[in-house]
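Labels below follow one simple rule: chain letters A, B, ... track the order of the sequence lines, proteins then strands, and each chain is numbered from 1. As a basis for the values below, the full set of heavy atoms in this structure was taken, side chains included, without hydrogen atoms, waters or symmetry mates.
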There are 2 protein chains.
Amino acid sequence: MALGKDYLGQDCSLSRALELLGERWTLLVVQNALYGVRRFSDFQVRLDIPRAVLSDRLSRLTGAGVLEKRLYQPSPPRHEYLLTDSGVELWPVIFSLGMWGRRHIGGESARLFRHADCGAKLLPSTDCSECGPIAPGDVEMYPGPGPKRDDPVSRAMNRPRRLLEPVVPEPS
Amino acid sequence: MALGKDYLGQDCSLSRALELLGERWTLLVVQNALYGVRRFSDFQVRLDIPRAVLSDRLSRLTGAGVLEKRLYQPSPPRHEYLLTDSGVELWPVIFSLGMWGRRHIGGESARLFRHADCGAKLLPSTDCSECGPIAPGDVEMYPGPGPKRDDPVSRAMNRPRRLLEPVVPEPS
DNA sequence: CTCCTAGGTTCGTTCAATGAACTCAAAAGA
DNA sequence: TCTTTTGAGTTCATTGAACGAACCTAGGAG
């Protein structure tokens with residue numbers, strides 16, 4: 001399948017996540033699920049999405065364990081799609097992308113978010129497990145155990161380095 | 001443009017962000033830019049992406065102010081693509097999606113991340129500006145000033161409510 | 001007996017992704 | 001001087017996914 005949804009040859013978990021979530025409509029389906037939408041026809045009404053595409057996305061997400069399809073009424077048989085724990089963990093993705101759109105593309109938001117306990121506003125962030133929130137410039141990348149691409153650019157990237165530090169490939 | 005990259009009729013900033021970032025390859029281009037890749041041919045080598053698509057993605061990202069195209073050498077004229085501040089702010093998106101892929105899709109990571117100052121590991125999170133990191137279940141959504149869709153499901157969603165709370169549309 | 005609803009599937013049309021080939025300008029090599 | 005290489009693209013025919021309108025099915029409801 002040369003054309004389409006796979007990113008064969010990519011060596012990062014982002015590309016693997018995008019093979020599932022990077023298709024058109026998929027993240028909006030997950031977003032609506034986080035917002036409480038559960039039924040086929042409710043997704044369809046909210047999203048104005050072709051039924052065939054919605055059907056495909058729901059079954060792919062179900063197959064990947066992001067959603068769970070459950071019978072909520074035996075007769076007539078009716079189903080709902082619930083987020084699994086793995087699906088709920090997509091919240092930081094949905095939230096950070098939405099916040100970025102609000103800050104950098106503009107338009108007014110139809111929905112805002114706050115901490116239910118105290119009412120204060122929310123921010124997407126990357127936290128150090130010891131020090132709390134940190135900036136991208138304080139992130140260091142280093143090689144993990146996984147397979148790596150073997151080209152000059154990737155080799156130059158496989159030394160421990162700060163985020164944003166320019167890659168300087170050695171001429172082969 | 002009925003087919004393609006627009007999500008016309010969607011009312012959230014996520015859909016606006018996805019019109020730019022949701023196309024195939026776009027987030028992987030941003031990822032590589034965060035990792036330090038700057039030149040057309042270096043992106044091409046890393047990504048195995050058709051040149052025409054890479055050209056399109058780079059100019060769309062440049063047009064949207066995520067990247068900046070800069071001459072770094074006058075003769076022969078050579079350009080590089082640098083992330084703007086707005087582009088750097090996509091780091092939480094890239095990181096949270098990558099972490100999700102690592103946790104839930106699996107495979108070994110080619111690259112890992114740590115806090116440069118202390119070496120501890122990083123976590124994607126949603127922080128309350130007052131209380132620190134919070135769980136999705138503690139997020140409350142409430143209507144903002146932006147335009148809203150007018151269908152039974154969207155109307156039911158426009159009351160203040162917790163994330164994940166089931167939407168129960170009133171029969172029209 | 002007919003209509004309606006939830007939850008899909010089928011199918012012809014359209015448009016974006018693909019990859020191979022081509023372009024162009026400057027520099028380096030022979 | 002002629003040829004090749006390199007960076008950075010553009011052009012073009014092919015393919016497969018998204019679109020949307022129509023169709024299907026099973027179980028109530030009127």
Side-chain angles (χ1 to χ4, degrees), chain A residues 1-10 15 18-20 22-29 37-62 67 69-81 151-153 167-172, chain B residues 1-10 18-20 22-29 37-62 67 69-81 151-153 167-169 171-172:
Chain A
M1 198 185 299
L3 186 79
K5 46 203 159 204
D6 56 333
Y7 292 100
L8 236 148
Q10 286 305 300
S15 60
L18 286 174
E19 285 179 21
L20 172 66
E23 291 174 288
R24 191 159 159 67
W25 296 112
T26 306
L27 279 179
L28 291 175
V29 169
V37 177
R38 298 182 165 194
R39 288 152 60 162
F40 188 95
S41 53
D42 289 351
F43 283 107
Q44 217 262 312
V45 164
R46 276 278 304 161
L47 291 172
D48 278 332
I49 177 180
R51 302 167 106 67
V53 177
L54 178 57
S55 178
D56 175 78
R57 297 302 183 270
L58 289 172
S59 47
R60 276 175 60 79
L61 287 170
T62 304
L67 296 176
K69 185 177 187 173
R70 215 181 54 175
L71 199 71
Y72 71 89
Q73 163 184 307
S75 176
R78 293 287 180 259
H79 299 94
E80 61 185 359
Y81 295 88
D151 55 71
V153 183
V167 167
V168 183
E170 292 171 22
S172 59
Chain B
M1 199 184 297
L3 185 77
K5 45 204 157 202
D6 58 332
Y7 291 100
L8 236 148
Q10 286 305 300
L18 286 173
E19 287 179 22
L20 173 64
E23 291 175 285
R24 192 158 161 66
W25 295 112
T26 305
L27 279 179
L28 292 175
V29 169
V37 177
R38 298 180 167 196
R39 288 152 60 164
F40 188 95
S41 54
D42 289 351
F43 283 107
Q44 215 263 311
V45 163
R46 277 277 306 161
L47 291 172
D48 278 333
I49 177 181
R51 303 167 109 68
V53 177
L54 178 58
S55 177
D56 175 78
R57 296 305 183 268
L58 289 173
S59 47
R60 276 176 62 78
L61 287 171
T62 304
L67 296 176
K69 186 177 187 173
R70 216 180 54 173
L71 198 71
Y72 70 89
Q73 162 184 310
S75 175
R78 291 289 179 259
H79 302 274
E80 61 186 359
Y81 295 88
D151 55 71
V153 183
V167 167
V168 183
S172 57

Exercise for the section: Would you check if the side chain of Glu80(A) reaches a backbone N or O of Val37(A) as a donor-acceptor pair within less than 3.5 Å? Expected result: no

Handout entry: Test item: Arg57(B) side-chain N/O and Arg24(B) main-chain N/O as donor-acceptor pair under 3.5 Å
Key = yes

Handout entry: Short side-chain N/O contact to dC19(D) OP1/OP2 from Arg24(A), under 4.0 Å
Key = yes

Problem - Test item: Lys69(A) and Tyr81(A) side chains (from C-beta on) under 4.5 Å apart, heavy atoms - result: yes

Practice task
Name every residue in residues 37-49 of chain B that has at least one heavy atom under 4.0 Å from any atom of DNA chain C, in order of residue number, or write none if there are no such residues.
Solution key: none

Exercise for the section: Examine distances only and state if a side-chain atom of Gln44(B) and a backbone atom of Ile49(B) form a donor-acceptor pair shorter than 3.5 Å. Expected result: yes

Exercise for the section: Establish, with yes or no, whether the OP1 or OP2 oxygen of dT18(C) is under 4.0 angstrom from a side-chain nitrogen or oxygen of Arg51(B). Expected result: no

Practice task
Could you please name the option among dG7(C), dG9(D), dG27(D) that lies closest to any side-chain atom of Tyr81(B)?
Solution key: dG9(D)

Practice task
Considering just the side-chain nitrogens and oxygens of Ser55(A), establish if one lies under 4.0 Å of OP1 or OP2 belonging to dG7(C).
Solution key: no

Handout entry: Separation of atom CG in Leu28(A) from atom P in dA18(D), rounded to whole Å
Key = 13 Å

Practice task
Side chain of Trp25(A) only, please: which of dG27(D), dA18(D), dA27(C) is the nearest?
Solution key: dA18(D)

Practice task
Tell me whether the OP1 or OP2 atom of dT6(D) has a side-chain N or O from Arg78(B) closer than 4.0 Å.
Solution key: no

Handout entry: Spacing of Arg57(A) atom CZ relative to dT9(C) atom P, expressed in whole Å
Key = 14 Å

Practice task
Provide, to the nearest angstrom, the distance between the CG atom belonging to Asp56(A) and the P atom belonging to dG16(D).
Solution key: 16 Å

Completion exercise
Closest of dA26(C), dT11(D), dA17(C) to the Glu23(B) side chain is dA17(C)

Exercise for the section: Could you tell me whether the side chains of Arg39(A) and Tyr72(A) share a donor-acceptor contact shorter than 3.5 Å? Expected result: yes

Practice task
Find the distance Gln73(B):CD to dA28(C):C1' and express it as a whole number of Å.
Solution key: 14 Å

Exercise for the section: Measure the distance from CD on Glu80(B) to P on dG9(D) and round it to the nearest whole Å. Expected result: 13 Å

Problem - For atom CG of Leu54(A) and atom P of dG7(C), their distance in whole Å - result: 10 Å

Practice task
Could you please name the option among dG9(D), dT18(C), dA27(C) that lies closest to any side-chain atom of Lys69(B)?
Solution key: dG9(D)

Completion exercise
Winner on side-chain proximity to Val53(A), out of dT10(C), dA18(D), dA17(C), is dA18(D)

